[in-house]
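These numbers come from a predicted model, not from an experiment.
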Amino acid sequence: IDAANIDLKGFTQAFYDFVGGDLETVKHTIATLAATPTCHLEVTTLIIPGKNDSEDEITAAAQWLASLDPTIPYHITRFFPCHRLQDRPATPVATVRHLADVARRYLSRVYTGNC
């Protein structure tokens, strides 16, 4: 694999239970790709209001990513209601920008999306 963009949907197993998946498996995949010198890795988190939008959760995710490589590009993106999550509002742009600033405390390449 030359490049990968992995969705880190949240940084708690409770969130992965909600969306269906396993945090440790995703972390293992990210760590494996981060340690592969021939693979360009980027990570994305879609911020869903009331689900994975806490400063503590983004801090934990960013600290963990930085422990692998503080230059991993990290995308913090805005959620819009659709499909099975129409009961939530779109993520406020200010929340996305704030959480990106939180992640920048640990990572040098943090980007916002869908703003």
Side-chain angles (χ1 to χ4, degrees):
I1 296 175
D2 294 322
N5 186 324
I6 306 296
D7 283 351
L8 181 60
K9 297 188 181 299
F11 209 66
T12 66
Q13 184 55 48
F15 186 77
Y16 270 88
D17 291 342
F18 169 71
V19 297
D22 180 63
L23 176 59
E24 290 307 313
T25 300
V26 175
K27 287 172 63 177
H28 175 75
T29 301
I30 291 169
T32 299
L33 293 173
T36 305
T38 58
C39 181
H40 174 79
L41 172 65
E42 299 195 14
V43 177
T44 300
T45 299
L46 178 69
I47 303 299
I48 301 172
K51 288 293 184 184
N52 66 344
D53 60 347
S54 76
E55 190 172 311
D56 289 343
E57 190 162 347
I58 296 303
T59 295
Q63 286 176 325
W64 178 77
L65 288 168
S67 76
L68 301 174
D69 179 351
T71 68
I72 293 173
Y74 187 38
H75 302 268
I76 305 287
T77 59
R78 187 175 181 215
F79 164 84
F80 292 95
C82 65
H83 195 46
R84 294 184 181 163
L85 285 177
Q86 295 183 29
D87 63 332
R88 303 198 173 275
T91 311
V93 171
T95 299
V96 173
R97 291 183 176 151
H98 171 71
L99 293 175
D101 286 341
V102 168
R104 286 185 187 108
R105 295 175 191 159
Y106 310 97
L107 298 163
S108 61
R109 299 168 68 194
V110 178
Y111 307 97
T112 58
N114 299 336
C115 290

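- Side-chain atoms of Q13 come within 3.5 Å of backbone N or O of G21 as a donor-acceptor pair.
- Nearest approach of A100 to V110, heavy atoms of both residues: O-CG1, 3.6 Å.
- The side-chain heavy atoms of R104 and Y74, taken from C-beta on, include no pair separated by under 4.5 Å.
- Atom CD of residue E24 and atom OG1 of residue T29 lie 11.0 Å apart, to the nearest 0.5 angstrom.
- Put simply, the side chain of V26 reaches to within 4.5 Å of the side chain of Y16, judged on heavy atoms.
- When side chains are defined from C-beta on, V19 does not count as touching K51, because their heavy atoms never get closer than 4.5 Å.
- Residue H28 qualifies as open at atom NE2: its count of foreign heavy atoms under 6.0 Å is 12 or below.
- Within 6.0 Å of the CG atom in D2, the count of heavy atoms belonging to other residues, nucleotides or ligands does not exceed 12.
- More than 12 non-hydrogen atoms from other residues, nucleotides or ligands lie less than 6.0 angstrom from CZ of R88.
- Nearest heavy-atom pair, T45 versus L8, reported as atom, atom and distance to 0.1 Å: OG1-O, 2.7 Å.
- The two residues L46 and R78 make their nearest non-hydrogen contact at CD1-O, 3.4 Å.
- The shortest non-hydrogen separation linking V102 to E55 is CG2-CG, 3.5 Å.
- Criterion: ILVMFWY side-chain heavy atoms under 4.5 Å apart, direct or through other members. Under it, F18 and L23 are part of a common hydrophobic cluster.
- The distance from the CD1 atom of I76 to the CD1 atom of I47 is 5.0 Å, given to the nearest 0.5 Å.
- Here the closest heavy-atom approach between residue A103 and residue A62 is recorded as CA-CB, 3.8 Å.
- For E42 (side chain) and P73 (main-chain N/O), no donor-acceptor pair under 3.5 Å exists by modelled atom type.
- Closest heavy-atom contact between A4 and C39: N-SG, 4.1 Å.
- In this structure, the side chain of D69 does not engage the main chain of A34 through any donor-acceptor pair within 3.5 Å.
- When side chains are defined from C-beta on, T12 counts as touching E57, because their heavy atoms get closer than 4.5 Å.
- How far CG of L68 is from CG of L41: 8.5 Å, rounded to the nearest 0.5 Å.
- With rounding to the nearest 0.5 angstrom, the CG atom of D22 is 8.5 Å from the CG atom of D17.
- With values rounded to the nearest 0.5 angstrom, T32 atom OG1 is found 10.0 Å from I6 atom CD1.
- If you take NE2 on H98 and OG1 on T95, they are separated by 8.0 Å, rounding to the nearest 0.5 Å.
- Using a distance-only test at 3.5 Å, with no hydrogens or angles considered, no donor-acceptor pair links the side chain of Y106 to the main chain of T59.
- Counting only distance, with no hydrogens or angles, the side chain of T91 and the backbone of F79 share a donor-acceptor pair below 3.5 Å.
- Not one N or O on the side chain of T44 forms a donor-acceptor pair closer than 3.5 Å with the backbone of H75.
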